[in-house]
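Below is one structure, written out as structure tokens, with a few remarks after it.
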Number of protein chains: 2
Amino acid sequence: MDPFERSYEVVRRVKKLKDSLHGNMSRLFKEGNLTGPQGMVVGLLFRMGPLKISELSQQMGLSMSTVSGILDRLERDNIVYREKSETDGRVILVKITEEFKKNSKHSFSNMNHRWDKILDLATDEEIDRILEALDILERLVEESRNL
Amino acid sequence: MDPFERSYEVVRRVKKLKDSLHGNMSRLFKEGNLTGPQGMVVGLLFRMGPLKISELSQQMGLSMSTVSGILDRLERDNIVYREKSETDGRVILVKITEEFKKNSKHSFSNMNHRWDKILDLATDEEIDRILEALDILERLVEESRNL
DNA sequence: ACACGAAGCTTCGTATGCGAAGTATCGTAC
DNA sequence: GTACGATACTTCGCATACGAAGCTTCGTGT
């Protein structure tokens with residue numbers, strides 16, 4: 001395989017992998033009429049309690065402006081709401097509405113549980129190999145930035 | 001690490017990796033005022049000659065509707081153009097404009113060359129480990145679809 | 001007190017990205 | 001030769017996604 005093909009092959013596979021993970025997540029959350037990112041927000045809030053926008057942004061690896069848009073739609077559908085922090089007027093705390101909490105806590109934790117299972121299918125050794133390979137790839141991409 | 005953390009860790013890392021690759025590509029192409037996907041289209045056309053929309057779609061792992069939009073913008077900027085196939089009226093052939101070819105062929109092949117180099121930094125053994133890990137992950141995601 | 005940079009969000013413009021529905025053309029069965 | 005399913009694209013509606021610019025609030029220095 002020449003370098004061109006090899007590079008594209010890896011990029012394609014990484015993309016496909018990310019798509020599969022994303023698609024998997026989306027499919028899980030779809031039962032609750034949530035998209036992947038929306039489900040991730042709600043999952044984080046269920047698990048960690050109220051979060052700042054910046055914390056959500058950091059946890060999800062997305063820019064604040066993107067998170068802001070996702071929250072707009074979640075708020076529109078009455079799933080979460082924004083609340084100004086009392087201690088710092090700049091900060092917005094995102095919380096799950098009581099209504100959604102009441103209606104969806106059970107089914108949602110169920111979804112999350114199934115999501116957790118995804119990697120349970122792997123042996124510890126396989127997990128190690130995966131993380132190692134991700135390390136290598138990350139390093140390569142990092143190094144290549146200086147070419 | 002509990003299962004939740006482990007799953008999210010892998011997802012985050014895969015996403016970060018895909019972002020790095022994508023960002024790297026975008027940075028390279030930015031010199032020619034092209035976004036990542038746009039650069040990929042032009043790169044494929046330079047390398048393989050005129051292509052059908054469906055072929056581009058398949059090569060890039062994107063839906064036809066997405067490719068169609070990318071082509072709209074490339075056409076707007078006079079970088080590529082659509083041409084109806086003579087043998088099959090349904091088929092559209094995408095070609096690079098002479099203008100862009102003349103102005104950008106050199107710098108573009110330069111970009112592509114640097115892109116090729118990204119994985120040259122890896123040893124063959126590392127490449128093998130990467131592809132193996134990607135295999136494992138793909139298999140896991142595939143299997144977990146039936147949970 | 002007040003000026004002023006920094007921090008936290010939102011808004012805006014643009015580019016992806018997808019699936020569903022629509023359009024045009026091709027092949028084929030009849 | 002014509003009806004009709006299949007194929008190749010486009011269009012539409014929506015949800016991400018980002019960076020740049022704007023707004024408000026906080027801290028700090030004076």
Side-chain angles (χ1 to χ4, degrees), chain A residues 11-12 15-16 18-27 29-30 32-42 50-77 79-94, chain B residues 11 15-16 18-27 29-30 33-42 50-77 79-94:
Chain A
V11 173
R12 248 201 306 269
K15 181 189 184 308
K16 190 181 149 211
K18 184 239 160 199
D19 289 347
S20 294
L21 285 172
H22 184 273
N24 217 304
M25 215 163 172
S26 301
R27 194 174 42 80
F29 290 133
K30 196 158 193 174
N33 282 316
L34 296 179
T35 66
Q38 288 174 2
M40 198 167 172
V41 166
V42 178
L51 292 173
K52 301 194 284 185
I53 311 260
S54 48
E55 289 170 339
L56 281 172
S57 162
Q58 189 268 321
Q59 283 287 326
M60 300 176 66
L62 299 176
S63 70
M64 284 211 293
S65 60
T66 298
V67 173
S68 195
I70 295 170
L71 292 178
D72 285 346
R73 291 178 285 278
L74 282 174
E75 208 166 11
R76 179 198 63 196
D77 296 343
I79 293 169
V80 305
Y81 61 102
R82 290 165 158 99
E83 204 173 77
K84 226 175 187 174
S85 163
E86 293 174 1
T87 57
D88 187 335
R90 291 169 302 184
V91 171
I92 302 281
L93 283 177
V94 183
Chain B
V11 173
K15 180 189 184 309
K16 191 182 149 208
K18 183 243 163 196
D19 289 345
S20 293
L21 285 172
H22 184 271
N24 217 306
M25 215 163 171
S26 300
R27 197 173 40 78
F29 290 133
K30 194 156 193 177
N33 282 319
L34 295 178
T35 65
Q38 287 173 2
M40 198 166 171
V41 166
V42 178
L51 293 173
K52 301 193 283 185
I53 312 259
S54 49
E55 288 169 339
L56 281 172
S57 163
Q58 189 268 320
Q59 283 286 327
M60 300 175 65
L62 300 176
S63 70
M64 283 210 295
S65 62
T66 297
V67 173
S68 194
I70 294 170
L71 291 178
D72 285 344
R73 291 178 285 277
L74 282 174
E75 208 166 12
R76 179 199 63 195
D77 296 342
I79 292 170
V80 306
Y81 61 101
R82 290 166 158 98
E83 205 173 79
K84 225 173 185 174
S85 164
E86 292 173 0
T87 54
D88 187 335
R90 293 167 301 182
V91 171
I92 302 282
L93 283 176
V94 182

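Chain A is the first sequence line, chain B the second, and so forth, proteins listed ahead of strands; every chain is numbered from 1.
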Expressed in angstrom and rounded to an integer, what is the separation of [X] atom [atom1] from [N] atom [atom2]?
{"X": "A:N33", "N": "D:dA15", "atom1": "CG", "atom2": "P", "result": "11 Å"}
{"X": "A:R90", "N": "C:dC9", "atom1": "CZ", "atom2": "P", "result": "9 Å"}
{"X": "A:I53", "N": "C:dA7", "atom1": "CD1", "atom2": "C1'", "result": "14 Å"}
{"X": "A:K52", "N": "C:dG8", "atom1": "NZ", "atom2": "C1'", "result": "8 Å"}
{"X": "B:Q58", "N": "D:dC9", "atom1": "CD", "atom2": "C1'", "result": "17 Å"}
{"X": "A:L56", "N": "D:dA17", "atom1": "CG", "atom2": "P", "result": "13 Å"}
{"X": "A:L74", "N": "D:dT16", "atom1": "CG", "atom2": "C1'", "result": "13 Å"}
{"X": "B:E75", "N": "D:dC9", "atom1": "CD", "atom2": "C1'", "result": "13 Å"}

If you compare every side-chain N and O of [X] against the phosphate oxygens of [N] (OP1, OP2), does one of them come in below 4.0 Å?
{"X": "B:T35", "N": "C:dT16", "value": "yes"}
{"X": "B:S54", "N": "D:dT7", "value": "no"}
{"X": "A:R73", "N": "D:dT16", "value": "yes"}
{"X": "B:R82", "N": "D:dT10", "value": "yes"}
{"X": "B:R76", "N": "C:dA15", "value": "yes"}

Can you tell me how far apart [atom1] ([X]) and [atom2] ([Y]) are? Round to the nearest 0.5 Å.
{"X": "A:R82", "Y": "A:S85", "atom1": "CZ", "atom2": "OG", "value": "15.0 Å"}
{"X": "B:D77", "Y": "B:L34", "atom1": "CG", "atom2": "CG", "value": "8.5 Å"}
{"X": "A:I92", "Y": "A:E83", "atom1": "CD1", "atom2": "CD", "value": "9.5 Å"}
{"X": "B:L56", "Y": "B:S68", "atom1": "CG", "atom2": "OG", "value": "11.0 Å"}

Contact nearer the 5' end of DNA chain C, comparing A:I92 with B:K84: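 That would be A:I92.
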How do A:E86 and A:G36 order along DNA chain D: which one's closest nucleotide is nearer the 5' end?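 Taking each residue's closest nucleotide, the earlier one in sequence belongs to A:G36.
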Is there a donor-acceptor pair closer than 3.5 Å between any side-chain N or O of A:D88 and the backbone N or O of A:R90?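 Side chain of A:D88 to backbone of A:R90, a donor-acceptor pair under 3.5 Å: yes, one is there.
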State whether the side chain of B:Q38 and the backbone N or O of B:L74 hold a donor-acceptor pair below 3.5 Å, judged by distance alone. no
Could you check which of C:dA15, C:dG8, D:dT7 has an atom nearest any side-chain atom of B:Q38?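 Nucleotide nearest to B:Q38's side chain: C:dA15.
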I need the minimum non-hydrogen distance between B:S63 and B:S57, along with the two atoms involved. C-OG, 3.8 Å
Enumerate the residues from residues 62-72 of chain B whose closest heavy atom to DNA chain C is under 4.0 Å, giving them by residue number; use none for an empty result.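 DNA chain C contact set from residues 62-72 of chain B: B:L62, B:S63, B:S65, B:T66, B:I70.
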